[in-house]
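Okay, structure first, notes after.
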Amino acid sequence: MDLREVPEFIVVGSGNTGAMAAQTLIDGGASVTMLDVGRVDTKYAALIPDADFTTIRATDPDQHRYLIGDDFEGIPSHRLAQGAQLTPPRRFVVELVDEYLPIDSDTFHAQESLGYGGLGAAWGAGCCVYSRSELLDAGLDPERMASAYETVASRIGISGETDDVSRYTAAGLGGLLPPVELDETASHLYQSYRRRRGGLARRGIYMGRPALALLTEDRGERRAFAYRDMDYYSDHDRSVYRPWMTVDHLKAHPRFRYVDRAFATRFEEEGDRIRVETMDVETGDRLTHVARRLVLASGTLGTARIVLRSQGTAAQTLPLLCNPYSYVPCLQPSMVGRAMSPRKLGLAQLAMFHDPDGTNSDVVMASIYTYRSLMLFRILPQAPIDYVDGRILMRYLLPGITIVGIHHPERPGPGRFMRLEPHAGSPTGDRLHVEYVLTPQELRRIADRERVITGALRVLGSWAIKRIQPGIGASIHYAGTLPFAADGRPFSLRGDGRLAGTRAVTVADGSGFRYLPAKGLTLSLMANAHNVAAEALRRA
Amino acid sequence: MASLDLYVAAMDALALDIPEEDRALLAFVSRHTWSMGLVDAGLALRRPSSVIRTKLLVMSAILETNPELSDAFLPVRRHVLYAVYAAFVAVRAACKAAVGAVLVAWI
C-alpha cells in the first residue's frame, strides 16, 4: 500500500474479530490499515522442541524455562492476576495489559490482551453455532449469521462430529474435518455416556465431541494435529487456528498495512475522514492515523474504553455481560492407575450440554478436559494434603482426572455495568471501573444447574471433587457494552454494527450482543465480524 | 542449572513477603527439620496460601521440570498392590494432616 494514501478502513485489533473483519475487507477489494499493539512471544517459542510432551519431559534440560518460566511466572499464585492460568509461552497475550488497560473492581476479574492475535492466541479453539433463538436474543440476524458461520468455518478449518451435541456445536456447518481422537480417559467417559444416553436425555443432558478450530488434515502450510499434548505451549504445526495466522497471511497483500506498537485511544470523525489517535507503547509517542472508515475490534472492554473516551461523558455507564463460569475437577475411579498414551489432545475432548426443555435456547455448556501437560504443580496446591504424599497419589489419580469447565448463559442485569474514571497512574489517564453482581436467585440457579451437570457426570462414573468458582470475569467471555438497538440511541449499535451517532464507525467485536449464550462465543464473534465488515464494505 | 540454584533464583525473583505467623513456622521447621511434612500437611488444611506452602510448591515445580526426575511426576500405571500402597499413602497423608493441623495451631 502507498503509505501516502488514506486507506479506506482502519481496523483496530488483531484478535479473532479484527482478523476476520480485515480479511473480509481485503477480499472485498478495500485497503486496510490494522492498528495493533501486537505483543509477541520472543522468549520461549524458539526453546520448545518439536516433540511430544512425554519425550520433552524426559529429555529437555531446559524445559523449566517454558514450563515454569524464566521469571517463574507459570507457578500458580493465590493472587488474582492477568493471565494467571496461562503457561509462560502464552503470557505475551497479557503483556502490558495491567499498565494500559487498568480495571478497578472488587467483583469482576477481566482478562484482556494486547498480544498479536489477541486473546485468540491462547484460545481453546472450541466452536459453537448459536441457535436461532439465541441469535435473535443476542440481536443477530439468523439468516446472515448462518452464511457467515460457513464463511468463517471455511477460513479457519473446523473438525467435529455429527453426534448428540452437534446441534449445539456445528449445526448446519458443511465441510467439517474428521474429529480428533479421544484419549483413553475421554473415550472411557464417552463410552459410558453412549450406554446411558437415553436416561440422560430425559434429564436434558447431552454429551459429544466439541467442534474445534483444529485441523485433522493438512491444509496449506498448516499441518494436521499431531497429538503432541503441547497445545498450551506451542503452535508448531499451526494445526490449531490462531488469528495471527490470518494477519500473517494478510501482511503479504499490497492493500494491507499492519502497524504494531499502536495502542488506539480514541477516534474523531471529521467530514468524510476518521482520525484515530494511538500511543506508541515503546516510545509513548502519540500519532494520528486517518482513514475513511473505522472498524473497532479491540474486544468488548477495549472497544468500550475507546468509545467512552471518544463519545462519553464522565458519568456515562455501559452495561456488561459475562458468562458465569465454574470449573470442577472430577475423578473417574475406574481410570485410576491406567496407562496414558503419549498421543493426546490438551484442549477440550468432550462437551456436555444441559438443555432442560430441548429448545436449544437456555443451554448450559460444560467442556471436558483430561489432564497432563499442565503439570502436577498446578493441581497439587488444590489437594488438602502435603506435597510429598500428594505427588505419590496424584500419579495414580491423573489418568482418572478430568477438568470440567461450566459456562452459564447471561442476560443484562442492573448490577452489571462499567464506566471510565480518571486514573493518574495509567498512560491514558483513565481506567475502567466495573461492577458485576449476580442476584441470590441467579447464584442459586447456577448452583442448581451445576448440580445437574455433576450429577450426570456421576452417572457416567466421574465424581466431582470440588467446585471452584474463579470469580466473575474468569470465563473471558464478555459482551453487551454497546447493545444492538434499532432506534439509534446513544452508546448502541445498529444491526449492521455501526456505532450510533457516527457516520462510519463500526464495531466488529461482541459489544453489540444483547445476550450471551453459554456456548463458546468465538465462532459467533468471528461470524458477526465478517458480517459487519461486509456491511461496511457495502456502505463504502 | 541445578534444581537448587533454580530454587534460589526463584526465591530471589518471587521475593515472597513472609508474614509473622509464617516466620514462627519457618523458624520451627528450620530447627526441627523432621516436622516439615507435618507442617506442610497442617497448612494444606488450615492455611493453603501460606508462604511455606508457596516455597514448597516452587521447589516441587522445579523438581517436576528436571528431566532426570520426570518419571517421578508423570502418571504411573498401577501395579498389583497399588490399591494397598495408595490406601497406605492416603491414610498416612490424613494422619499427617491431623497432626500437622494441631502443630500449626500450637506453634
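Lettering follows sequence order; numbering is per chain, from 1. These numbers come from a predicted model, not from an experiment.
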Notebook entry, point to check: Under 6.0 Å from the CG atom of B:Asp12, do we count more than 12 heavy atoms belonging to anything else shown?
Noted result: yes

Item checked: Top contributor to chain A interface from B:Ser60, B:Ala10, B:Ala97 [non-hydrogen pairs under 4.5 Å] -> B:Ala10

Check: Between CG of B:Asp71 and CZ of A:Arg395, what distance do you get to the nearest 0.5 Å?
Finding: 7.0 Å

Checklist line | Heavy-atom pair with the smallest gap, counting every atom of A:Gln63 and B:Thr65 | finding: CG-O, 3.0 Å

Check: With only heavy atoms counted, which part of A:Met340 is less than 4.5 Å from chain B, the side chain, the backbone, both or neither?
Finding: side chain

Note to self: Only heavy atoms, only distances under 4.5 angstrom. Which residues in residues 88-96 of chain B are near chain A?
What the structure shows: B:Val89, B:Ala90, B:Arg92, B:Ala93, B:Lys96

Notebook entry, point to check: Side chain, backbone, both or neither: which part of A:Ile385 has an atom under 4.5 Å from a heavy atom of chain B?
Noted result: both

Item checked: Closest heavy-atom pair and its distance - B:Ala72, A:Arg391 -> O-NH1, 2.6 Å

Check: Judged by atom type as modelled, is there a donor-acceptor pair below 3.5 Å linking the side chain of A:Arg372 to the main-chain atoms of B:Leu74?
Finding: no

Notebook entry, point to check: Rounded to the nearest 0.5 Å, how far does CG of B:Leu69 lie from CZ of A:Arg57?
Noted result: 9.5 Å

Note to self: Looking at A:Phe377, is its backbone amide N or carbonyl O close enough to the side chain of B:Glu64 to form a donor-acceptor pair, meaning the two atoms are under 3.5 Å apart?
What the structure shows: yes

Next item on the list: Please identify each residue that fulfils side-chain contact (heavy atoms from CB on, under 4.5 Å) with A:Arg343, with sequence neighbours left out.
Entry: A:Glu181, A:Tyr227, A:Ser341

Notebook entry, point to check: Which pair of heavy atoms, one from A:Ala58 and one from B:Pro67, lies closest together, and at what distance?
Noted result: O-CB, 3.6 Å

Notebook entry, point to check: Which atom names give the shortest non-hydrogen contact between B:Arg53 and A:Asp386, and what distance separates them?
Noted result: NH1-CA, 4.1 Å

Check: What orientation do A:Tyr396 and B:Tyr82 show, parallel under 30°, tilted 30 to 60°, or perpendicular over 60°?
Finding: tilted

Checklist line | Max heavy-atom pair count under 4.5 Å with chain B, selected residue of A:Ile392, A:Leu397, A:Val388 | finding: A:Ile392

Next item on the list: Under 4.5 Å heavy-atom distance to chain B, tell me which part of A:Ile75 shows up: side chain, backbone, both or neither.
Entry: side chain

Notebook entry, point to check: When rounded to the nearest 0.5 angstrom, what distance separates CG in B:Leu57 from CD1 in A:Ile68?
Noted result: 9.5 Å

Note to self: Let's test your reading of the structure: which of B:Gly100, B:Ala83, B:Pro75 forms the most heavy-atom pairs below 4.5 Å with chain A?
What the structure shows: B:Pro75

Note to self: Tell me every residue that passes ring-ring contact (aromatic ring centres under 6.0 Å, His included) with A:Phe92, counting only those two or more places apart in sequence or in another chain.
What the structure shows: none

Item checked: Min side-chain heavy-atom separation B:Leu45-A:Pro384 under 4.5 Å -> yes

Next item on the list: Sort by residue number and list every member of residues 35-44 of chain B having a non-hydrogen atom under 4.5 Å from chain A.
Entry: B:Gly37, B:Asp40, B:Ala41, B:Ala44

Notebook entry, point to check: Which bit of B:Ala13 is near chain A, if near means a heavy-atom gap under 4.5 Å: side chain, backbone, both or neither?
Noted result: side chain

Check: If you count heavy-atom pairs under 4.5 Å between each of A:Leu398, A:Leu380, A:Leu393 and chain B, which one has the most?
Finding: A:Leu393

